[in-house]
Structures are given as structure tokens and as C-alpha cells.
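Structure first, commentary second.
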Amino acid sequence: GAPYADPDGVIDAGLVRIFRGPPASGAAWDIHATATGTEAGGLVGSDIAGGTDTNLDGYDDVLIGASGFDGGGRAFLLLGGFAP
């Protein structure tokens, strides 16, 4: 999580990158998905939790916090099992 990132020039909108891994020895990590904030000060990625299959489909899901979103904060659930 990078809550103070400025994607597309939006100040402190934040972003989260999910990497595919683990890479082969000496190989670079591949970015599997990127979730970017769209609101200045939204701070997407201020908290992240994962490794739990919340919808019981066999794939781990990721919970993304955005502590400054809409002035009060919000959480977004990114469901696993999707293809890039």
C-alpha cells in the first residue's frame, strides 16, 4: 500500500499493488493488479489485510482501507480469483 501516492496527479489518492509470486530465483516480481484512489486525500492503501477467503470461493481476498476517503474513510474488498 502507498497511501500518499499521487496516481494520475491526484494528491494523496493512494494506491495498492498486488504482486504475483513468488518469482523464480533472480526474477522480478510481476504486478498482478493495481487499485488506485481517485479522490484527493483518500489515502487508499492506508491499511491492508488479506489471506482470508471471505466469500468461500477458494481464493484469498484483500481488504483495502482508505482512511481519508469521502472525509470519513472506507474499506474496499478486492475478491481473489480474477484473471488479469
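Only this structure's heavy atoms are used, side chains among them; waters, hydrogens and symmetry mates stay out.
Checking Asp60, Val62, Asn55 one by one against Leu79, the side-chain contact (heavy atoms from CB on, under 4.5 Å) holds for a single residue, Asn55.
In this structure, Leu63 and Ala75 approach most closely via the heavy-atom pair CD1-CB, 4.0 Å. Looking at every heavy atom in both residues, Arg74 comes nearest to Phe69 through NH1-CE2, 3.2 Å. Listed here is the closest heavy atom pair of Leu56 and Asp53: N-OD1, 3.1 Å. Taking every heavy atom of both residues into account, Pro7 and Gly14 meet most closely at CG-O, 3.6 Å. When every heavy atom of Gly80 is checked against every heavy atom of Tyr59, the shortest pair comes out as C-CB, 3.5 Å. Of all the heavy atoms in Ala35 and Ile64, the pair that sits closest is CB-CD1, 4.1 Å.
In this structure, the separation between OG1 on Thr36 and CG on Asp6 is 12.0 Å, given to the nearest 0.5 Å. Residue Asp30 holds its CG atom at 13.0 Å from CZ of Arg17, rounded to the nearest 0.5 Å.
No side-chain donor-acceptor contact under 3.5 Å links Ser67 to the backbone of Ser46. Although no hydrogens or angles enter the test, the distance criterion places no donor-acceptor pair under 3.5 Å between the side chain of Asp12 and the main chain of Ala40.
Residues Ile18 and Leu78 meet the side-chain proximity criterion, which asks for heavy atoms closer than 4.5 Å.
Residue-environment remark: CG (Asp8) stays at or below the threshold of 12 foreign heavy atoms within 6.0 Å. Around the OH atom of Tyr4, the shell of radius 6.0 Å holds no more than 12 heavy atoms that belong to other residues, nucleotides or ligands.
Hydrophobic clustering (side-chain heavy atoms under 4.5 Å, transitive across Ile, Leu, Val, Met, Phe, Trp, Tyr) keeps Val44 apart from Val10.
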